[in-house]
Every structure is written in structure tokens, then in C-alpha cells.
A.B. asks: 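The structure's right below; bear with me while I get my questions together.
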Amino acid sequence: MIQTRPYEFMVYYTPQKEWIKGAGIKLWLAFFFIELGAGMFFVASFFNSLWAISIGWLVCAVLGGGLHLLFLGKPLRFWRMVLSSGWKTSWISRGLIFVMLFLVLSLAHIFLSRLASPITGLLMAANVFAFITIIYGGFAMNYVNGIPLWNTALIPILYVISGLWGGAEVTLGITAASGEIGVGVAIEEWIRILLIGFILIIPAYLISVGKVSTTGAASIRYMVLGKWSPMFWVVVVIMGMLIPLVAVISSLLVGLESISVAFLYIAMFSGLLGDLATRYLILNCGLYRPLLPSSISA
């Protein structure tokens, strides 16, 4: 049974609210945009698409970073989390450091690419921190032992796949708009692999969490059979998986250049919406274990 009244707190399965209700909405969106922007930079850097690299930096810094700072409540004091020893125990503090290092290194690469010759070592370092930036949200959630839906090694893997997949999709959209069909075809190969990975890891994640504990199983039922099942089946499965899969299969059959640009953008938007909904459900359906034994709380 899910907690529905205040006096049932931690007697029944209790949904967490700090990271998804009220101000927590900012953290949900911050994780999404930070990883999307870093994913765009990472993917676009392999194809030397400076426009996509620059837009990815802006998405990560302005949308993701801005929302992350607003979530902290005292944005002008964030530097205390960076300079203090909090990074030793807090993944939020570590994440801020990773994001800052990525933004500084990637901005230096962008300026050098526009004004002079880029430095390979600098780009490699920026990509290392781009990858760490993508995965850090998963580690921050994995660190929470009291919520079995989060406390699994598959969460960081899921976040890496979805972050790179989203970044590849937006990069494809940018290159398609600029007429770089050759680059778009190469990016499409990334998207195929990442989409297959996303489709495979979602059921693996749900099954593994459901088998670990009764609380994990309750979270999965809450997500796929309970209150949030319409969002899961319509937005995550149909829009987030099936529509992009149709676009990928179509590109294999007729070629990327033969696909309608409108359908390409619809598939891209559907994939991003599915990713965003997946993150929302994982945050919203995270249930704390009851403090009382099931025999008593029942």
C-alpha cells in the first residue's frame, strides 16, 4: 500500500518528494538538461560540428546549470559546496565540480576552434568530464540506499545511454537543419546503437529492481501498473521507444536523406520526451522502505 495520508508516513511505502515535488522539479529538469548538453558536446565533438558543440555547451550551462543552482536554494553560495570538504561525501558537490570543469574545458575548446586551432588534449579532457557529467546524476541517485528503485548499478548505465542518445538526436537535428547529410548519416549509426541500448536496459532495469526487494517491486507496480502507468506506456514506450525505432528502421530501408524532415524531428522530439518522462517516473516512483515490518503495517 502507498502512503496517501500524512499519518501513514513510513508506515506504508512512502514516495520521496524532495527531488521531484515543488522545488525538486528543478533538479529533475537540471539533470536532464545537464546530461543532454554534455551528451551533445560529446557526440558532436567526434564529427567536428561546432554549432552542435556550442549549443550543447549552452544547454548544459544555462538550462542545466541554472536550474541546478536554483534548486540549491541559495545559488550565490554554491561555491561553498565546491570549496568545502563536502565533495568527499556528497555527489551533489562532486557533480557541481564535474560540471564546472567540463564547462571551463569545453568553453576553452570552443574559443580555440573559432579563433585558432583546437588542441587535441584539451578536447580529450573536455570529453572525459563530459562523460563524467552525464553519469554523475546516476551515481547521485544510486547512492541513496533507502530507495531500492534508485539503489542499483543500472541507474548510472541508464543515464549514460539516455544522455548520449538524447545528445546524438539533437546533434542529428542540428546537422540536418544545416544540410550536413553526410555527418547526419554517421550520427544515425550512433543513434541506432544507443536506441537499442535504451530499449534493452529499461526492461532489464525494471526486472532487476523488482526482484531485489518487495519495496522495489512495489515501485515497479506503481510505475507500470498503477497511477503512473499511462505515462509509462504512452510516453516512455510508444513515444520514447516505438516512434524513434520506426524512424531508425525507415532510415535503414530508404536512407536518411529520403526520410521526411518533419518526421525526423517528430522522432527526435518523441525520444527526448520519452527520456524526460523516464527520469520523471524514476524520481516520482522512488519509494522508501516502510519502517514497520510488513506484517504490522499491513
A.B. asks: Which heavy atom of P148 sits nearest a heavy atom of V209, and at what distance?
C.D. replies: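 Closest pair (atom of P148, atom of V209, distance): O-CG1, 4.0 Å.
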A.B. asks: Determine, stepwise, if the pair E169 / L272 fulfils side chain to side chain contact (heavy atoms under 4.5 Å, CB included).
C.D. replies: CA-CA 8 Å; E169 286 185 304; L272 292 175; 4.0 Å; yes
A.B. asks: Any chance you could measure M100, atom CE, to T133, atom OG1, to the nearest 0.5 Å?
C.D. replies: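 One gets 11.5 Å once the value is rounded to the nearest 0.5 Å.
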A.B. asks: Of all the heavy-atom pairs spanning G138 and Y159, show the shortest one and how long it is.
C.D. replies: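 Heavy atoms of G138 and Y159 come nearest at N-CD2, 3.6 Å.
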A.B. asks: Could you tell me whether the side chain of W150 reaches within less than 4.5 Å of the side chain of N142, counting heavy atoms only?
C.D. replies: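 Not touching, per the 4.5 Å side-chain cut-off.
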A.B. asks: Using the rule given for side chain to side chain contact (heavy atoms under 4.5 Å, CB included), can you reason through V43 versus L172, listing the C-alpha separation, both sets of side-chain angles and the distance that settles it, and then say yes or no?
C.D. replies: CA-CA 10 Å; V43 174; L172 175 61; over 6 Å; no
A.B. asks: Specify the closest pair of heavy atoms between T215 and P290, including all atoms of both residues, with the distance to one decimal.
C.D. replies: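 Smallest interatomic distance, heavy atoms only, reads OG1-CD, 4.1 Å.
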A.B. asks: Of the options W51, F131, F102, W57, which is the one that meets F41 in a ring pair (Phe, Tyr, Trp, His ring centres under 6.0 Å)?
C.D. replies: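 The residue from W51, F131, F102, W57 that satisfies ring pair (Phe, Tyr, Trp, His ring centres under 6.0 Å) with F41 turns out to be F102.
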A.B. asks: Counting distance only, does the side-chain N/O of T14 pair as donor-acceptor with the main-chain N or O of Y12 below 3.5 Å?
C.D. replies: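 Checking the backbone N and O of Y12 against the side chain of T14, a donor-acceptor pair under 3.5 Å is found.
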A.B. asks: When you compare the side chain of C60 with that of F33, does any pair of heavy atoms fall below 4.5 Å?
C.D. replies: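 F33 does not reach C60 side chain to side chain.
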A.B. asks: Any side-chain hydrogen bond (donor to acceptor under 3.5 Å, both in side chains) involving residues 263-282? Give me the pairs, sequence neighbours left out, ordered by first then second residue.
C.D. replies: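 Only E35-R279, S162-R279, D275-R279 qualify under side-chain hydrogen bond (donor to acceptor under 3.5 Å, both in side chains).
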A.B. asks: Between S213 (side chain) and G216 (backbone), is there a donor-acceptor pair under 3.5 Å?
C.D. replies: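 Yes; judged by distance alone, with no hydrogens or angles, the pair exists.
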A.B. asks: Quick one: side chain to side chain contact (heavy atoms under 4.5 Å, CB included) partners of V237, sequence neighbours excluded?
C.D. replies: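 Checked V237 against side chain to side chain contact (heavy atoms under 4.5 Å, CB included); matches are F232, W233.
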A.B. asks: Give the C-alpha distance, both sets of side-chain angles, the deciding distance and a yes or no for side chain to side chain contact (heavy atoms under 4.5 Å, CB included) between L281 and M231.
C.D. replies: CA-CA 8 Å; L281 290 172; M231 177 181 288; 3.7 Å; yes
A.B. asks: Is a side-chain N or O of S106 found less than 3.5 angstrom from the main chain of A126, in a donor-acceptor match?
C.D. replies: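 Not a single qualifying donor-acceptor pair exists.
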A.B. asks: Under 6.0 Å from the CZ atom of F111, do we count more than 12 heavy atoms belonging to anything else shown?
C.D. replies: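 Incorrect, the count does not exceed 12.
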A.B. asks: Does one hydrophobic cluster hold both L242 and V248, with members joined at side-chain heavy-atom distances below 4.5 Å?
C.D. replies: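 No, L242 and V248 fall in different hydrophobic clusters.
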A.B. asks: Does any non-hydrogen side-chain atom of S251 lie less than 4.5 Å from one of R192?
C.D. replies: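 R192 vs S251: side chains touch.
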A.B. asks: Output the distance between atom CD1 (I161) and atom CD1 (I134), rounded to the nearest 0.5 Å.
C.D. replies: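 CD1 of I134 is found 11.5 Å from CD1 of I161.
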A.B. asks: Considering only heavy atoms from C-beta outward, does the side chain of Y288 approach that of Y13 to under 4.5 Å?
C.D. replies: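 No; the side chains remain at least 4.5 Å from each other.
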A.B. asks: Nearest heavy-atom pair of I282 and M141: which atoms, and what distance?
C.D. replies: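 So the minimum-distance heavy-atom pair works out to CG2-CE, 3.5 Å.
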A.B. asks: For the atom pair CZ (R289) and OG1 (T214), what is the distance rounded to the nearest 0.5 Å?
C.D. replies: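 Answer rounded to 0.5 Å: 8.5 Å.
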A.B. asks: With side chain to side chain contact (heavy atoms under 4.5 Å, CB included) as the test, would you mind laying out the steps for L112 and I119 before giving the verdict?
C.D. replies: CA-CA 8 Å; L112 286 175; I119 300 173; 3.8 Å; yes
A.B. asks: Is I199 reachable from I249 through a run of hydrophobic residues whose side-chain heavy atoms are each under 4.5 Å from the next?
C.D. replies: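 Hydrophobic grouping puts I249 with I199.
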A.B. asks: Can you confirm whether S113 sits close enough to L123 that some side-chain heavy atom of one is under 4.5 Å from a side-chain heavy atom of the other?
C.D. replies: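 Not in contact.
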A.B. asks: How close do F47 and A186 get, heavy atom to heavy atom, and via which atoms?
C.D. replies: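 Looks like CE2-CB, 3.4 Å.
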A.B. asks: Identify whether W28 and V62 are in the same connected component of the hydrophobic contact network (ILVMFWY, side-chain heavy atoms under 4.5 Å).
C.D. replies: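 Linked within one cluster.
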A.B. asks: Mind checking whether I207 and V212 sit in one hydrophobic cluster, side chains of I, L, V, M, F, W, Y counted as touching below 4.5 Å?
C.D. replies: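 In one cluster: no.
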A.B. asks: Taking atom CG of L200 and atom CE of M241, what is their separation to the nearest 0.5 Å?
C.D. replies: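 If we round to the nearest 0.5 Å, L200:CG and M241:CE are 9.5 Å apart.
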A.B. asks: Report the distance from atom CD1 of I259 to atom CG of L264, rounding to the nearest 0.5 Å.
C.D. replies: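 With rounding to 0.5 Å, CD1 (I259) is 6.5 Å from CG (L264).
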A.B. asks: Does the gap between the ring centers of F46 and W190 come in under 6.0 Å?
C.D. replies: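 Under 6.0 Å, so yes.
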A.B. asks: Please examine the side chains of H68 and V99, heavy atoms only from C-beta on, and report whether any two atoms are closer than 4.5 Å.
C.D. replies: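 No. Closest side-chain heavy atoms not under 4.5 Å.
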A.B. asks: Say whether R114 and S54, considering side chains only, have a donor N or O and an acceptor N or O under 3.5 Å apart.
C.D. replies: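 Side chains of R114 and S54: pair found under 3.5 Å.
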A.B. asks: How long is the straight-line distance from CE of M239 back to CD1 of I243, given to the nearest 0.5 Å?
C.D. replies: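 Rounded to the nearest 0.5 Å, the CD1-CE separation comes to 5.5 Å.
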A.B. asks: Got I202 and L158 here, is their nearest side-chain heavy-atom distance under 4.5 Å?
C.D. replies: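 Of all side-chain heavy-atom pairs linking L158 with I202, at least one is under 4.5 Å.
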A.B. asks: For a 4.5 angstrom cut-off between non-hydrogen side-chain atoms, does T175 reach I187?
C.D. replies: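 Heavy-atom side-chain distance check passes, below 4.5 Å.
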A.B. asks: Is there a continuous path of hydrophobic side-chain contacts, each under 4.5 Å between heavy atoms, that joins I135 to I193?
C.D. replies: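 Result: no, two separate clusters.
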A.B. asks: In terms of the angle between their ring planes, are F31 and W19 parallel, tilted or perpendicular, with boundaries placed at 30° and 60°?
C.D. replies: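 Perpendicular: the ring planes of F31 and W19 meet at over 60°.
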A.B. asks: Check T171 against A44 and note the closest heavy-atom contact, atom names and distance.
C.D. replies: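 Here T171 and A44 meet closest at CG2-CB, 4.0 Å.
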A.B. asks: Filter on side-chain hydrogen bond (donor to acceptor under 3.5 Å, both in side chains), then keep only pairs touching residues 117-129, sequence neighbours left out; what's left?
C.D. replies: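 Qualifying pairs, neighbours excluded: S45-N127.
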